[in-house]
**Q** 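Please read through the structure below; I'll follow up with questions.
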Amino acid sequence: MSPTASSDLSATPSAVGAVGAPEQPAPAGPTAAELLDFVRRTAADAELTASLPLDPEGRTWMRLEGPGGSEAWLIGWPPGTGTGWHDHGGSRGAFATAGGLLTEQSLAAQLPTEGWRTLELADGIDRERRLPAGAGRAFGPHHVHQVLNLDAEDHAVSVHAYYPPLPLMRRYSRTGPLLRLEQVEQPEEWT
C-alpha cells in the first residue's frame, strides 16, 4: 500500500502515490548485497568492534573505509537509544548488529522525496524486525526507518554502509499514522 496525503500536503495525490514512478539508473558502486556482505564481515571482527569507545549517555561512532567508495560506520548504542525516523537521501545501504540486539521499525512504502511536509500513512505498512548479533539487512534508496536499542541494560554495536555516500538525511517525526518531515541534515553535520 502507498501512503495517502494529509490535508496540509502540498503535493498532488498523483505525486504522493508515486510508487510506479520511473526509477533512476542505479549508480555504479557496490550493490546492496555487497554492502550487506561487508557489514556482516566487519561486524564479525571482534577486535575492531571492541575498539569503539562506548558512552553510557549517547551513541558513539567511528568512520570506516567501506567497499568501492561507500561510506561506512561502526556505531555504539547505549541502552534505550535510537535514531528516530529517517531516510538516507537516496543511498542504498546495509547494517549488521555486531553485539547486543537492535530493533528496526520501517515503512513498507516508497515515499515521495519532495513536495510534502506531512503524510498520512496507510494501514499495514509498518514493519518491525529484531536483529541480534550477527544479523543484518540491506535496503534500497527509498528506505525510511528508525533503529533502536530497546535493551534497558546493555549496549549494542553495529556496522552500517551506504552507497553512494550519504548526500543528506531526512529526519521525520511520527504520531500514529502521521509522518512529518522535520529536518534535512547535510553530511557536515554528522562527520
Side-chain angles (χ1 to χ4, degrees), residues 26-55 57-108 110-111 113 127-151 154-172 174 182-191:
T31 65
E34 291 167 332
L35 293 173
L36 181 58
D37 180 59
F38 167 79
V39 298
R40 283 182 171 152
R41 282 185 286 109
T42 305
D45 183 339
E47 184 178 340
L48 175 66
T49 60
S51 72
L52 180 67
L54 300 178
D55 181 341
E57 301 299 318
R59 288 189 301 148
T60 54
W61 54 87
M62 179 186 323
R63 188 139 193 187
L64 304 173
E65 180 141 348
S70 64
E71 177 176 346
W73 298 88
L74 179 63
I75 301 176
W77 306 77
T81 59
T83 59
W85 288 95
H86 66 281
D87 70 20
H88 303 96
S91 295
R92 60 183 170 257
F95 71 98
T97 305
L101 173 68
L102 291 173
T103 299
E104 180 196 34
Q105 298 172 343
S106 62
L107 302 177
Q110 181 176 324
L111 303 180
T113 56
R127 301 291 182 267
E128 184 171 298
R129 70 178 70 205
R130 296 168 60 89
L131 295 122
R137 63 104 75 239
F139 52 84
H142 302 286
H143 192 63
V144 175
H145 70 165
Q146 65 177 348
V147 179
L148 308 155
N149 177 7
L150 298 176
D151 194 288
D154 294 323
H155 268 79
V157 175
S158 58
V159 179
H160 302 246
Y162 311 99
Y163 191 86
L166 297 173
L168 58 89
M169 286 178 62
R170 293 178 197 87
R171 298 262 176 206
Y172 305 98
R174 180 152 183 209
E182 296 291 345
Q183 179 181 5
V184 177
E185 293 179 356
Q186 302 300 315
E188 55 273 8
E189 296 178 60
W190 64 79
T191 55

**Q** Heavy atoms only: give me the nearest Arg40-Gly136 pair and the separation to one decimal.
**A**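 The answer is NH2-O, 3.6 Å.
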**Q** Is Thr60 reaching over with its side chain to a backbone N or O of Asp55, donor-acceptor style, under 3.5 angstrom?
**A**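 No, the answer is negative, given that no donor and acceptor are paired below the 3.5 Å cut-off.
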**Q** More than 12 heavy atoms of other residues, nucleotides or ligands under 6.0 Å from CD of Glu128: yes or no?
**A**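 Yes - once you tally the heavy atoms of other residues, nucleotides and ligands closer than 6.0 Å, there are more than 12.
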**Q** Starting at OH of Tyr163, measure out to CD of Glu71 and round the result to the nearest 0.5 Å.
**A**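 Those atoms lie 12.0 Å apart.
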**Q** Could you tell me if the side chain of His145 sits less than 4.5 Å from the side chain of Phe95, heavy atoms only?
**A**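 Yes, side chains in contact.
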**Q** Give the minimum heavy-atom separation between Leu102 and Ser158, together with the two atoms involved.
**A**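 The answer is CD1-CB, 3.6 Å.
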**Q** Between His142 and Gly140, is there a donor-acceptor pair closer than 3.5 Å when you use the side chain of the first and the backbone of the second?
**A**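 No, His142 side chain to Gly140 backbone: no donor-acceptor pair under 3.5 Å.
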**Q** Roughly how far, to the nearest 0.5 Å, is CG of Leu52 from CH2 of Trp61?
**A**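 So the gap between those two atoms works out to 10.5 Å.
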**Q** Report the distance from atom NE2 of His155 to atom CG of Leu101, rounding to the nearest 0.5 Å.
**A**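 If we round to the nearest 0.5 Å, His155:NE2 and Leu101:CG are 14.5 Å apart.
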**Q** If we only count heavy atoms from C-beta on, is the His88 to His160 side-chain gap below 4.5 Å?
**A**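 The answer is no, as the side chains (C-beta and beyond) never meet within the 4.5 Å cut-off.
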**Q** Which one of Glu189, Glu185, Glu182 satisfies the salt bridge (charged side-chain N to carboxylate O under 4.0 Å, His left out) criterion with Arg171?
**A**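 That would be Glu185.
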**Q** Enter the distance from Leu168:CG to Asp87:CG here, rounded to the nearest 0.5 Å.
**A**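 Those atoms lie 7.0 Å apart.
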**Q** Thinking salt bridges, do Arg129 and Glu104 make one under a 4.0 Å N-O criterion?
**A**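 Here Arg129 pairs with Glu104 in a salt bridge, since their nearest N and O are under 4.0 Å apart.
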**Q** Write down the atom of Ala32, the atom of Gly93, and the distance for their closest heavy-atom approach.
**A**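 Reported closest heavy-atom pair: CB-O, 4.4 Å.
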**Q** How close do Arg59 and Gly82 get, counting heavy atoms only, and between which atoms?
**A**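 Heavy atoms of Arg59 and Gly82 come nearest at NE-O, 4.2 Å.
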**Q** Taking all non-hydrogen atoms of both residues, which atom of Gly90 and which atom of Pro141 are closest, and how far apart?
**A**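 Answer, listing the atom of Gly90 first, then Pro141: O-CB, 3.0 Å.
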**Q** Could you work out, with side-chain contact (heavy atoms from CB on, under 4.5 Å) as the rule, every residue matching Gln146, not counting sequence neighbours?
**A**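 With neighbours one apart ignored, the set is Thr83, Trp85, Gln105, Leu148.
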**Q** With a 4.5 Å cut-off on side-chain heavy atoms, are Leu131 and Val147 touching?
**A**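 They are not in contact (no side-chain heavy atoms under 4.5 Å apart), so the answer is no.
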**Q** Provide the closest heavy-atom pair for Leu35 versus Pro67 in the form atom of the first, atom of the second, distance.
**A**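 For Leu35 versus Pro67, the nearest heavy atoms are CD2-CG, 4.2 Å.
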**Q** Would you mind reporting whether Leu54 and Pro78 have side-chain heavy atoms less than 4.5 Å apart?
**A**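 Of all side-chain heavy-atom pairs linking Leu54 with Pro78, none is under 4.5 Å.
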**Q** Indicate yes or no for a side-chain donor-acceptor contact from Arg92 to the backbone of Ala138 under 3.5 Å, with no hydrogens or angles considered.
**A**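 Pair absent, no side-chain N/O of Arg92 close to backbone of Ala138.
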**Q** How long is the gap from CH2 on Trp73 to OG1 on Thr42, to the nearest 0.5 Å?
**A**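 Atom-to-atom, Trp73:CH2 and Thr42:OG1 are 14.5 Å apart.
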**Q** Counting distance only, does the side-chain N/O of Asn149 pair as donor-acceptor with the main-chain N or O of Asp154 below 3.5 Å?
**A**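 Yes, the answer is positive, given that a donor and an acceptor are paired below the 3.5 Å cut-off.
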**Q** Would you say CZ of Arg41 has more than 12 non-hydrogen atoms from neighbouring residues, nucleotides or ligands within 6.0 angstrom?
**A**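 Atom CZ in Arg41 is packed in, count exceeds 12.
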**Q** With the side chain counted from C-beta on, respond yes when Ser91 and Leu166 share a heavy-atom pair under 4.5 Å apart, and no when they do not.
**A**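 Touching, per the 4.5 Å side-chain cut-off.
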**Q** Atom CD1 of Ile75 and atom OG1 of Thr49: how far apart are they, to the nearest 0.5 Å?
**A**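 Answer rounded to 0.5 Å: 13.5 Å.
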**Q** Should Leu64 and Leu48 count as side-chain neighbours, where that means a heavy-atom distance under 4.5 Å?
**A**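 Side chain of Leu64 against side chain of Leu48, heavy atoms only: contact under 4.5 Å found.
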**Q** Taking side chain as C-beta onward, heavy atoms only, is Met62 less than 4.5 Å from Ser51?
**A**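 Result yes, sub-4.5 Å side-chain heavy-atom pair found.
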